[in-house]
Number of protein chains: 2
Amino acid sequence: MNIDAASKGISRATIKDVAKHANVSVATVSRVINKNGQVAKGTSDRVWIAISELKYTPHAAAKGLRSHRTQTVGFLVPEISAPFQFPLLRGIEMIARKSGYSLLIHATEDIPLLSQPLRPIGEHNTDGLLVLVGSLTEEEILYFYRLKFPIVLICQSAPQSLDIPTILFENKSGAKKIVDHLIEVHGYRRIAFLRGPAKMEDSYWREQGYYESLKAHQIPIDLNLIGMGEFDEEAARITVKNWMKEKLEFDAIFAGDDESAIGAILAIHDMGKRVPQDIAVVGFDDVYLTHARIPPLTTVRNPIVEMGQKAMQQLVQLIQTGIADMKTLLPTELIIRHSCGCTDNTSE
Amino acid sequence: MNIDAASKGISRATIKDVAKHANVSVATVSRVINKNGQVAKGTSDRVWIAISELKYTPHAAAKGLRSHRTQTVGFLVPEISAPFQFPLLRGIEMIARKSGYSLLIHATEDIPLLSQPLRPIGEHNTDGLLVLVGSLTEEEILYFYRLKFPIVLICQSAPQSLDIPTILFENKSGAKKIVDHLIEVHGYRRIAFLRGPAKMEDSYWREQGYYESLKAHQIPIDLNLIGMGEFDEEAARITVKNWMKEKLEFDAIFAGDDESAIGAILAIHDMGKRVPQDIAVVGFDDVYLTHARIPPLTTVRNPIVEMGQKAMQQLVQLIQTGIADMKTLLPTELIIRHSCGCTDNTSE
DNA sequence: CTGAAAGCGCTTACAG
DNA sequence: CTGAAAGCGCTTACAG
């Protein structure tokens, strides 16, 4: 029992205590716990009993300092925001726990990591990083790349085509599917698009899918029908309200994500019109509560939990073996509910 | 540059490198970084320059091993689930970051912490824990208490009235407020209640508030009007559907939380009735998207982000000074929208 | 199969 | 104001 610990009222058993209690050396205790090296069955049993009796668990810092492994990974987000990140976190946490990694979460909030004298997260306190789009600058990504520090990018391709593993949704085909549906099933021709933030790849590819569907159906692109949705409820609401005030004509809105779809629906109600009778609205993502809206939202389902799992699996592999898949594309699924004008779906 | 690091392709600067570069001892570098001890201005400047040039940041494990501080806290949840936890995480992360603590998140998933040979989270890798109701057993809470290891309980009182800091919502008065509203403004007399999980304090106190309001208005308690909501959309939906099939009469439903309120609304629609024209529904929490429902949900707003902030502030204080407020009660606010039958509210 | 010993990168009395 | 040295709790060659 050391003085420091005692002064804090904490007296934790160390590997030394376990060794003494089991009448072996600390090296043997270490071998038993880490299941490396040969240990006689009887010895190993004694050690496990000692561990259990002393309620011993290895000190993470000591282990990390010696072994150069923190058994910890970091999840970087630009800021904590709910609808999309939660299923992602769920998938990540699930695999992290199963793989024996602790999970650190950190919001970068536009504060450069390297500029801080005591960096909040990085190679000094994790074995690898999961980087959600928007959380790191290209420069910061390059910093980790040059260090050969394991990172996996989520919803963002590697800059300069570097070999950094990336997980993406099949945005273009998903977008095409839902616009095809609006055109082929419902006969809409004037379909507005609410685009997401300019720099986001998800947004770019969804827009491409929208164009592709229009083109395939010989519908000319009308730039007046393309507005800022910003993947944001309030921004979308304002855009759609303005459209309606300007008497812009459209019979359906393809919102770049569900957040903006909800903003669109709210705007349409604000203006005294109905969804989908007057204007149909569809979204993208299928996040929390879209099924429980009235009308239930037709959207493209992204396998977000699976994305978190895949990302974490790739990171674990990268840390442990040095290799991982450079590009993982996750397929999307068209979810037809009522906001597009369909009424006879049985699913919920 | 050591062999281990080189083999991983990583060569991180250490405090020794900084010391050499600045022509001082490692002790001095340590003093500069931690701003303890006296250091001459010129010396300190040289050290900072060296740190910046070498892109040095202290190795967390080494620091933790030596100083007995991990500068990390853990957030324990029973499982990752969205609506309530996200604003909580947001508040927690905000204060953790500002206070210089890293944040570990871990879902206990009913797996006892102490039973695991390598414990995923605890006194060996954090300085303190934020414990969300349902994530730890009483025995585990007692384990940390006896160790004098700092923990703060969220939405749960300390077992055996121990002196463990706790953060709670003012559930009873919040529930009373919203039931009062249903009775006094809308004249409803037959108000059903969807209770939450039996063991949750939040649920218990909301039920007490419901009784108190009924009593204050001389409305007898009808146990037929009380059913399982379980703070769960699907459970509530089934309960309300059954009520309606059994021709139970009620003109309003007070759901124990927003999740069950949404289940109730869905059930009422399933049965071909309207909210609020046929049956009014109100919830509790004011989580994500309740404002954007149709009809917008009347509910009691819990200051969830603030709860996360308060909890983290208490934990930091407890870690650093050993003292904290034993009980923090956060006031709630009645949010009147349309699902109760009100129509002329201006807010959104 | 087992142990003695070096050392991971820091902090902190202690001495000056 | 500064430095030399001990030591935090582990893991890992090395030797036997």
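What's counted below: heavy atoms across the whole structure, side chains too, no hydrogens, waters or symmetry copies. Below, read A as the first sequence line, B as the second, and so on, with proteins coming before strands; counting in each chain starts at 1.
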Would A:S102 and A:Q71 count as having a side-chain donor-acceptor pair, cut-off 3.5 Å? no
For the backbone of B:A107 and the side chain of A:E93, can you confirm whether one donor and one acceptor N or O come within less than 3.5 Å of each other? yes
Only Watson-Crick and G-U wobble pairs, only distances under 3.5 Å, only runs of 3 or more: what stems does that leave for DNA chain D? C:1-3 with D:14-16, C:5-12 with D:5-12, C:14-16 with D:1-3
Ignoring hydrogens and geometry, is there a side-chain-to-backbone donor-acceptor pair from A:E140 to A:T137 under 3.5 Å? yes
Sub-3.5 Å pairs of nitrogen or oxygen atoms, protein against nucleotides 2-5 of chain C:
| residue | atom | partner | partner atom | Å |
| --- | --- | --- | --- | --- |
| C:dT2 | OP1 | A:T43 | OG1 | 2.4 |
| C:dT2 | OP2 | A:A40 | N | 2.8 |
| C:dT2 | OP2 | A:T43 | OG1 | 3.3 |
| C:dG3 | OP2 | A:S25 | N | 2.9 |
| C:dG3 | OP2 | A:S25 | OG | 3.1 |
| C:dG3 | OP2 | A:T28 | OG1 | 2.7 |
| C:dG3 | N7 | A:R31 | NH1 | 3.4 |
| C:dG3 | N7 | A:R31 | NH2 | 3.4 |
| C:dG3 | O6 | A:R31 | NH2 | 2.4 |

Across all chains, not counting sequence neighbours, the side chain to side chain donor-acceptor pair (under 3.5 Å) partners of A:D202 are A:N171
Could you check whether B:E123 and B:Y143, counting side-chain N and O atoms only, form a donor-acceptor pair closer than 3.5 Å? yes
Closest to side chain of A:L65, choosing from D:dG9, C:dT11, D:dT11: D:dG9
So does B:K16 get a backbone contact from the side chain of B:T14, meaning a donor-acceptor N/O pair under 3.5 Å? yes
OP1 or OP2 of D:dT12 versus the side-chain N and O atoms of A:N36: is any pair under 4.0 Å? yes
Would one find a side-chain N or O of B:K63 under 4.0 angstrom from OP1 or OP2 of C:dT11? yes
Output yes when B:K310 and B:E306 qualify as a salt bridge under the 4.0 Å nitrogen-oxygen rule, no when they do not. no
Do A:N34 and A:K63 get their side chains close enough for a donor-acceptor pair, meaning under 3.5 Å? yes
Return the nearest nucleotide to the side chain of A:H68; candidates are D:dC10, C:dC8, C:dT11. C:dC8
Please determine whether a side-chain nitrogen or oxygen atom of B:N34 lies at a distance below 4.0 Å from atom OP1 or OP2 of C:dT11. yes
